[in-house]
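One structure is given here, and the rest of the page talks about it.
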Protein chains: 2
Amino acid sequence: MKILSADDDKDLLALIAFTLSQAGYLVVKASDGTQALRAFEAEGPDLVILDINMPGATGFQVCEQIRTKSRVPVMMLTVRGEEEDLVRALELGADDYLSKPFSPRTLLARVKALLRRAGMENTAPLAAGRIQLDVDEHTVQVGSNQPLRLTKLELRLLQMLIANAGHTVSSDRLLMQVWGHKGSGDRQLLKQLVHRLRQKIEIDPAAPQMLQTAPGAGYKLVVE
Amino acid sequence: MKILSADDDKDLLALIAFTLSQAGYLVVKASDGTQALRAFEAEGPDLVILDINMPGATGFQVCEQIRTKSRVPVMMLTVRGEEEDLVRALELGADDYLSKPFSPRTLLARVKALLRRAGMENTAPLAAGRIQLDVDEHTVQVGSNQPLRLTKLELRLLQMLIANAGHTVSSDRLLMQVWGHKGSGDRQLLKQLVHRLRQKIEIDPAAPQMLQTAPGAGYKLVVE
DNA sequence: TGACGTTATAACCGTTTTGTAACCCGGCGA
DNA sequence: TCGCCGGGTTACAAAACGGTTATAACGTCA
């Protein structure tokens with residue numbers, strides 16, 4: 001599940017990103033309105049969190065732009081007491097809002113509620129190239145083969161790779177997203193998991209076509 | 001479909017009642033917390049809408065009381081900006097919230113979504129494949145066999161599975177829907193319940209045809 | 001109250017999934 | 001050439017999972 005968060009307050013942005021990452025979401029950051037729009041195009045997030053006051057383009061403008069081409073859930077961040085901002089945001093098609101300051105717990109609760117309401121909770125039709133992932137059933141289908149069962153960890157790993165298909169994802173990031181922590185001994189876990197996943201999805205696990213290694217950096221899913 | 005709406009603001013209450021009535025729901029009104037609880041007992045609504053600030057008993061208290069004996073969907077009405085209220089409401093078992101002011105259209109959309117999620121929307125006879133469920137009588141009929149009596153929990157479980165027939169429902173969600181809570185020890189409850197239900201509805205309970213396990217994910221009802 | 005059906009809790013078993021360690025191998029600089 | 005490093009592979013132990021059975025707690029109704 002990919003979330004785009006845009007805010008010019010670096011500290012707040014970091015806090016948001018941290019909170020959501022911990023909860024297993026993939027977070028894409030933007031620090032102004034134009035960046036946010038570009039990131040929206042490039043990443044195709046499942047949910048967008050926009051600060052209203054941003055250089056480049058305000059949250060309103062970004063929201064309006066997004067709404068011209070997508071119904072993705074949008075959450076607006078407002079300063080407490082600015083009621084007219086709120087009304088305007090909702091009129092522009094925002095789905096929820098959050099008044100600053102807010103607690104991480106609150107943010108998480110609202111994000112979850114929003115995703116649930118949007119029906120995105122489990123049912124993102126995740127696919128990349130010849131790979132089709134069914135998160136509900138815990139299965140992948142490669143090409144037109146028989147669907148394969150995946151374990152919880154394999155699913156999470158593949159989910160992260162698909163969410164970033166075509167780009168390499170650093171080992172640290174994967175460790176973080178799949179296990180929620182990162183230690184020195186955890187390199188082995190990732191090696192293992194990658195190996196197991198390759199056994200399942202690659203034609204020839206010894207010569208990986210899809211799940212490729214980026215030496216020294218991480219792994220990536222190549223799509224044609 | 002019966003909806004209980006509690007709010008001490010007469011105008012808002014009337015608006016809610018009007019909106020929902022127009023949409024074909026039967027609305028029961030209450031203007032304070034104690035009335036709400038009494039009405040809940042007397043009427044057994046399919047959904048409850050609670051204002052947080054009410055004389056008599058707050059929405060929190062009412063929600064808490066209701067949750068001790070029912071898993072009926074509860075929607076909370078909050079004043080915007082009161083994040084703490086929200087978190088508390090969700091923790092107490094509320095299923096959704098709506099910040100005032102809201103548009104009638106929004107209210108209706110949320111109510112529908114909630115009912116759908118709870119599997120209550122199906123007024124049609126609950127059936128899937130060879131299974132026919134009679135919610136009033138607490139019975140199932142499989143194929144043309146003798147109708148079987150189900151217990152309360154078995155009924156709810158089967159209801160949820162039928163509402164999502166063909167799709168895997170996660171254990172967490174089943175736990176939530178059937179018991180209304182989710183704890184670590186509750187894994188066992190679900191195992192048990194599934195086992196007992198299989199004994200009743202499967203031809204060969206050791207090799208389930210209908211109520212199948214999706215390892216690591218949950219359970220699903222397969223329909224041909 | 002006591003019997004009965006229902007629901008909760010616990011223990012056991014075989015299987016799958018996950019964690020840990022060791023070893024292998026090719027590349028690279030000393 | 002040697003030894004080290006990063007990544008792949010193999011092997012095995014630990015933990016989690018799902019099914020099953022047994023038993024205790026609970027509720028209801030005569």
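What you see is a predicted model, and the numbers here were worked out from it, not measured in a lab. Worth knowing before you read on, the calculation uses all heavy atoms, side chains too, and leaves out hydrogens, waters and symmetry mates. The sequence lines fix the lettering, A, B, ..., with proteins before strands; numbering per chain opens at 1.
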A:Val111 and side chain to side chain contact (heavy atoms under 4.5 Å, CB included): which single residue from A:Ile49, A:Leu98, A:Asp96 fits? A:Ile49
With a 3.5 Å distance limit and no angle check, can you tell me whether [X] reaches the backbone of [Y] through a side-chain donor-acceptor pair?
X	Y	value
A:Ser70	A:Ile66	no
A:Arg198	A:Met210	no
B:Lys29	B:Lys10	no
A:Gln35	A:Ser31	yes
A:Asp8	A:Asp32	no
B:Gln209	B:Glu202	no
B:Asp51	B:Met54	no
B:Lys220	B:Asn164	no

In whole angstrom, give the distance that lies between atom [atom1] of [X] and atom [atom2] of [N].
X	N	atom1	atom2	value
B:Arg156	C:dT6	CZ	P	15 Å
B:Leu155	C:dT6	CG	P	12 Å
B:Arg187	C:dT7	CZ	C1'	18 Å

Beyond-backbone contact of B:Leu190 with B:Tyr219, side-chain heavy atoms, under 4.5 angstrom: yes
For DNA chain D, which nucleotides open and close the run of contacts to chain A, 5' to 3', at under 4.0 angstrom from a non-hydrogen atom?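 Result: D:dG7 to D:dC17.
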Exercise: do B:Asp172 and B:Ser170 side chains pair donor with acceptor under 3.5 Å: no
Give me the bend of the helix from C:dT1-D:dA30 to C:dA30-D:dT1, using the axes of the five pairs at each end, rounded to 10°. 30°
Among the nucleotides C:dT20, C:dT6, C:dT16, which one has an atom lying closest to any side-chain atom of A:Leu189? C:dT20
Distance test, side-chain N/O of B:Trp179 to OP1/OP2 of C:dT7, below 4.0 Å: no
Any side-chain N or O of A:Thr151 under 4.0 Å from OP1/OP2 of C:dT16? no
Near-strand residues of residues 190-214 of chain A, defined as heavy-atom separation under 4.0 angstrom from DNA chain C: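 Contacts with DNA chain C under 4.0 Å: A:Gln192, A:Arg196.
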